[in-house]
Amino acid sequence: MSSLLADLNPQQLAAITLPHQSALVLAGAGSGKTRVLTTRIAYLIQSGQVSPYDILAVTFTNKAAKEMLTRISAMLPINIRGLWMGTFHGLCNRMLRAHHQAAGLLPAFQILDSSDQLAMIKRVLKSLTVDEKEFPPRQVQWFINNAKEAGLRAKNIEVNDNMTRQMAAFYLAYEQRCNKEGVVDFPELLLRSYELLNRNETLRIHYHDRFKHILVDEFQDTNRLQYKWLKLLAGMDSETCAAVFVVGDDDQSIYAFRGANTGNMVEFEHDFKISKIIKLEQNYRSQATILDAANALIQNNSGRLGKNLWTAEGKGAPLRVHNAPNDFDEAAFIIDEIKALQAEGVALSQIALLYRSNAQSRVLEHSLFSAALPYRVYGGMRFFERQEIKHALAYLRLIANPDDDNALLRIINFPARGIGARGLEQLQTIAREQGGSLWAAALHKYGGEAMLSGESEKPKKGVAEFVRLITSMRQDCAALPLPQIIKQMLTQSGLMGHYHIEREGADRLENLNELINAALSFIHEAEDDSLSAFLAHASLEAGEHQTGSIQDGLQLMTVHAAKGLEFHSVFLSGLEEGLFPHENSRNEVNGLEEERRLMYVAITRARHRLYLSFAQTRMLHGQTRYNVPSRFLNEIPESLMRWSQSVQKTKDGYSEFNIKKRLFDLTIPNSELGKTGVMSQQTQGVQWRIGQAVSHNKFGTGKIVNYERQDGNARVQVNFDRSGMKWLLLEYAKLTPV
DNA sequence: CAGCCCACATTTTTT
DNA sequence: ATGTGGGCTG
């Protein structure tokens, strides 16, 4: 016990050893949040207060859940089976499978991921002969998910206008389709589980009695429905109300765009009658200068719960800020500094290159490639989202559940077996007439024929062949272990053969083989090793973002993806108005504050060094954009920063301070953002600015892309349409504005 | 039925 | 600039 509680600060200790009562822990970045959560669980068990069976712990990602389990196992010598630890969706899935009948679901109900859901919606819209131009499927998806997260069924939607009436009708049709096919989407897991508990008193009491402690990680990311679910599960009004221990940081709430509701923290404080918020403000990650910058920045937000990070460590180096003429120069600066860090002995894997949007990685990657620096980009396609894996899973889903039309449609003609639109239409007509699934229709039309053709006869084509294939797979899999089922399916379906022939198929073949391995490890780890359980696992956990990681490479990712991580050094690039803060955030409620929190997250990733940079011009969507430095740079105290500019720009003798000042003096008001250039200046009564179109009698027309001043002589760089890039002295060159 | 071409968008993302 | 999805042609 003593070792468990060693080296904790007073606030951490208070949180961990809190008696049986609900608590709100405001945990700053790098304040040992995960340690507090895991240690509290270990403490509760080890002190004999409760058994693992009495605890439920919720996280947002499978990765976080896995890590917490590992850490708890390391602290406790006992078996912690029985502890419910997982994501909201994972836990709801578990509950729904345990009570599938009460929840009105098939025992083998399948889970649609977002792309499956979209496909389903498209199908429903098509069956209603809706014009997709008028009602984009994505918008319908958004509507349905929002309704579900508000706890609303289609019939409960309040209809006041025509648009809502239409949407509610689509929702209803979609709901019916899902029920018929035995599938549930992500928000449905939550809503079903909520409704089940709400309506079924026996079950509700069972879980109230069981879970004496509920712990929630990243509470600021919960949406309305998740919070309602928590309240219901905790049994707020019952005598046996669980102690709900939530940990979060309102300053790191960066997922409002997907429904996260920071208001839940305030509501929680009220609903659970929290008398005193526990604040973890001591930071064990970053040096003081970095924290000072983060604190100063975030103070510009309103309505915070309030928190100031501090550290016992030293000040550390100032933030390096770089003003680059363009995105290539910005990348060059980053590479120079990376090499310097490398020379200091910093491992490349301890250096992160962060950016606001994925598109920015391109230029960085290009430069890193030229500089022969190894790197790894996070994001992109994940294992279970790959096309070939989705196809394989569709076969498995159809084996597990014949009514899964989504799955059938995906693979009935993949690999191609001569079933076209015509054949499909026939099936769809039969299905509609019979009110059954496509599979039932196929069986009805071709079942007899398919069954007649024995192994020895020549293979049937088309639907008959498909029916025979799936039927035989279904028979085989009854007796086989999961990896064998998959292995057989991959060969018999022709998937292996198909990718074997395809030119670019090698990677896909490798992934298919990896699927067998995934099944192998699944049956070793999971309590339920059935096919349905594996399919649920595949939907709920999309797997690693990238295969084949580089051991010592730079880490490239968006700021969002960096949340929760830390690095020795962090480069944050693209600090320009319109990019960070992103221009789209201007149209969103509290959009700017969310961007600022995102900036706060970015800053607090760094342990020792933080580099901030912006480019005056940048290629975006195939067009050059002229940028103003991000306002966030202005919100960081000057005393914490050291400015630099690329060498060719500083030789004009301007002090770094002046360079900065010159840029900021010309900062353009919000209303003009994105329309005009970075700076302007007076020459012989003419106003020149970057981005301005000009004409020259010899070179023709072009655009001003840069300017500098030397000994009182101003020069501008013009990109001429015909003659290319030229530096011109304003005094001599006769330029005329166009 | 597959391949090609054009229109189109393009912040952030987990389950 | 670059990828994706839908519609049309061989």
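In what follows, chains carry the letters A, B, and so on, assigned in the order in which the sequence lines appear, proteins first and then strands, with residues in each chain numbered from 1.
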> Who passes salt bridge (charged side-chain N to carboxylate O under 4.0 Å, His left out) against A:Arg192, sequence neighbours left out?
Replying inline: A:Glu188
Tell me what [X] touches on the nucleic acid: a base, only sugar-phosphate, or nothing, going by heavy atoms under 4.0 Å.
X        : answer
A:Lys122 : sugar-phosphate
A:Asp221 : nothing
A:Leu112 : nothing

> Aromatic rings A:Phe414 and A:His391: how do their planes relate, parallel, tilted or perpendicular, breaks at 30° and 60°?
Replying inline: parallel
> Can you say whether the rings of A:Tyr207 and A:Phe211 are parallel (under 30°), tilted (30 to 60°) or perpendicular (over 60°)?
Replying inline: parallel
> Should the pair A:Arg123-A:Glu181 be classified as a salt bridge under the 4.0 Å nitrogen-to-oxygen rule?
Replying inline: yes
>> Among residues at least two apart in sequence or on other chains, which ones pass side-chain hydrogen bond (donor to acceptor under 3.5 Å, both in side chains) with A:Arg356?
In response: A:Glu595
>> Can you check the distance between B:dT13 and C:dT4, where both ends of the measurement are the P atom (answer in whole Å)?
In response: 16 Å
Atom-pair distance ([atom1] on [X]; [atom2] on [N]), nearest Å:
X        : N      : atom1 : atom2 : value
A:Glu365 : C:dA1  : CD    : C1'   : 14 Å
A:His89  : B:dT13 : NE2   : P     : 17 Å
A:Glu149 : B:dT14 : CD    : C1'   : 11 Å

> If each of A:Ala421 and A:Glu541 is mapped to the nucleotide of DNA chain B with the nearest heavy atom, which maps nearer the 5' terminus, i.e. the 5' end?
Replying inline: A:Ala421
> Taking the side chain of A:Arg362 as heavy atoms from C-beta outward, which of B:dT13, B:dT15, C:dT2 is closest to it?
Replying inline: C:dT2
>> Can you confirm if the NZ or CZ of A:Arg596 lies within 45° of the ring axis of A:Tyr600 and under 6.0 Å from the centre of its six-membered ring?
In response: no
Measure all distances between protein nitrogen or oxygen atoms and nitrogen or oxygen atoms of nucleotides 2-12 of chain B, and list the pairs falling under 3.5 Å.
residue, atom, partner, partner atom, Å
B:dT11, O4', A:His582, NE2, 3.3
B:dT11, O2, A:Arg356, NH1, 2.7
B:dT11, O2, A:Arg356, NH2, 2.4
B:dT11, O4, A:Glu588, OE2, 2.4
B:dT12, OP1, A:Asn358, N, 2.7
B:dT12, OP1, A:Asn358, ND2, 2.7
B:dT12, O4', A:Arg356, NH2, 3.1
B:dT12, O2, A:Arg356, NH2, 2.6

